[in-house]
Student: 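Dropping a structure here in C-alpha cells format, bear with me for questions.
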Number of protein chains: 2
Amino acid sequence: MIDPSADRAVFRQLADLLREAIESGELGPGEPLPSELRLAQEHGISRTTVRQAIAQLRTEGLVSVERPRGTFVRVPEPIGQITLGIGERAVARMPTDAERRAHRLSEGVPVIVITAADGSTTLHPADRVELIRS
Amino acid sequence: MIDPSADRAVFRQLADLLREAIESGELGPGEPLPSELRLAQEHGISRTTVRQAIAQLRTEGLVSVERPRGTFVRVPEPIGQITLGIGERAVARMPTDAERRAHRLSEGVPVIVITAADGSTTLHPADRVELIRS
DNA sequence: GGCTATTTGTACGTATGTATC
DNA sequence: GGATACATACGTACAAATAGC
C-alpha cells in the first residue's frame, strides 16, 4: 500500500512496488505494466506521480516504453563476451542523448568504452556484453 | 534559441543547450547552473519544463543536484584501476534506488559488477574506476 | 481507408514542503 | 525571520502513434 503521509515520496513507493513485482517475477520479462491511467486510479494518485515512478524504473533499466503501446518489463539481451587485452582500459558511463539515438540504446543502459593502447576507442551497449580477461 | 514549434521537444532543446555549454567548457566542473526559475524566465518556458531538461542531464551523469543549494556540473572523480583477473567477468548496469543510497552514488552513474570464478561479486561505482587486464 | 479508443509524450499552471543561506 | 532553490504532488490540455473495428 502507498502511504501519502510516509517519509518516502509517493512516486518512490510506487517505484518500489513495481520493482518488487518485477524482481519477484510477478511481472515477467516482456510483460506490460498497467497503463499510467490504471496505476493512477488503482493507487489513488495522479498520472504525473505515476510517470515519475516509471521514469525512475526507466533510469534503472528495468522497463522500456514503447509509445504508445505501453510500458514493458525489459527482456534481457543475449550477452556476448568482449576480451580485454593488454594495454586496453575499460570504463562505463551513461550515453548522451545523441549516443543513445545513434546506437538505438534503450534508456537506463550504460555504455562500456574500451580504449586501446593507441588511444582509439570502441563503444559497447552494456546490456549486451560482459568483459573477460584475454 | 529555443523554438517551441520545432520538432524536438522544448525540454530536449534546453538540455542540448546546457550540455553544449558543459562540453564546451563554458560551464566548468563544479560551476552552478542558473537556478530553475532563472532558466525558466530566460527562455520563456515553465519551471516544469526546465526540470525535465535537468532530469535528462542527471540521467546522463553530467550534473548533480545539491538540494537546495543548486545544480552543479559534475566534478570528475579520481579514477582508480581495477584489474580483471582470469576467470573474472565484468558487466555494467545502472544501480537500483537502494544500491544508489547504500553506496552514496550520484545519479547517472552506472556500477561495474565483477563476478569472480567462485561466483562472488563486487560492486564498483563506474565514475571512479577503470578496468585493466591483470 | 476511416473512425475511435487507448496510451504515452509534452507543456502549462498551482500549491506546499524542506533545507540552506 | 526572510529569501532562495530544489522536491513533491496535484490538476489540465493537447499532440502523436498505435490498435481495433
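Note on naming: letters A, B, ... go to the chains in the order of the sequence lines (proteins, then strands), and numbering restarts at 1 for each one. Since we're looking at a predicted model, the values are computed, not measured.
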Student: What residues form a side chain to side chain donor-acceptor pair (under 3.5 Å) with B:Thr115, not counting sequence neighbours?
Tutor: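 Applying side chain to side chain donor-acceptor pair (under 3.5 Å) to B:Thr115 gives none.
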Student: Have a look at the helix from C:dG2-D:dC21 to C:dC21-D:dG2 and give the angle its two end axes make, five pairs each, rounded to 10 degrees.
Tutor: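 The angle, to the nearest 10 degrees, is 10°.
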Student: My understanding is that a hydrophobic cluster links ILVMFWY residues whose side chain heavy atoms are under 4.5 Å apart, including indirect links. Using that, what else belongs to the cluster containing B:Phe11?
Tutor: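 Under the 4.5 Å side-chain rule, B:Phe11 groups with nothing.
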Student: Pair up each side-chain donor or acceptor in residues 104-112 of chain B with any protein partner under 3.5 Å, not counting sequence neighbours, and list the distances.
Tutor:
| residue | atom | partner | partner atom | Å |
| --- | --- | --- | --- | --- |
| B:Glu107 | OE1 | B:Arg58 | NE | 2.5 |
| B:Glu107 | OE1 | B:Arg58 | NH2 | 2.5 |

Student: Test of understanding: with side chain to side chain contact (heavy atoms under 4.5 Å, CB included), list the residues that count as partners of B:Gln41, not counting sequence neighbours.
Tutor: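 B:Gln41 satisfies side chain to side chain contact (heavy atoms under 4.5 Å, CB included) with B:Leu37 once adjacent residues are dropped.
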Student: Got a list of side-chain donor-acceptor pairs under 3.5 Å for residues 82-96 of chain A, not counting sequence neighbours?
Tutor:
| residue | atom | partner | partner atom | Å |
| --- | --- | --- | --- | --- |
| A:Glu88 | OE1 | A:Gly85 | N | 2.7 |
| A:Arg93 | NH1 | A:Glu99 | OE1 | 2.9 |
| A:Arg93 | NH2 | A:Glu99 | OE2 | 3.1 |
| A:Thr96 | OG1 | A:Glu99 | N | 3.3 |

Student: A:Glu20: which residues meet the salt bridge (charged side-chain N to carboxylate O under 4.0 Å, His left out) condition with it, sequence neighbours left out?
Tutor: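 Partners of A:Glu20 by the salt bridge (charged side-chain N to carboxylate O under 4.0 Å, His left out) criterion come out as none, since no residue qualifies.
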Student: Got a salt bridge between B:Arg8 and A:Asp97, using NZ or NE/NH1/NH2 to carboxylate O under 4.0 Å?
Tutor: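 Yes, B:Arg8 and A:Asp97 are salt-bridged.
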Student: Suppose we screen for side chain to side chain contact (heavy atoms under 4.5 Å, CB included). Which residues come up paired with A:Pro32, at least two apart in sequence or across chains?
Tutor: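 Side chain to side chain contact (heavy atoms under 4.5 Å, CB included) check on A:Pro32 returns A:Phe72.
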Student: Tell me, please, which residues at least two apart from B:Ser5 pass side chain to side chain contact (heavy atoms under 4.5 Å, CB included).
Tutor: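 Only B:Asp3 meet the side chain to side chain contact (heavy atoms under 4.5 Å, CB included) criterion with B:Ser5.
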Student: Quick one, give me the B/S/- string for nucleotides 1-10 of chain D, reading 5' to 3', where B means a protein heavy atom under 4.0 Å from the base and S means that only happens at the primed atoms, P, OP1 or OP2.
Tutor: ----BBBBSB
Student: If you walk 5' to 3' along DNA chain C, what is the first nucleotide with an atom under 4.0 Å of a heavy atom in chain A, and what is the last?
Tutor: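 The protein-touched segment is C:dT7 to C:dT10.
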Student: Sequence neighbours left out, what passes side chain to side chain contact (heavy atoms under 4.5 Å, CB included) with A:Ala40? Give chain and number order.
Tutor: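 Expected list: A:Val50.
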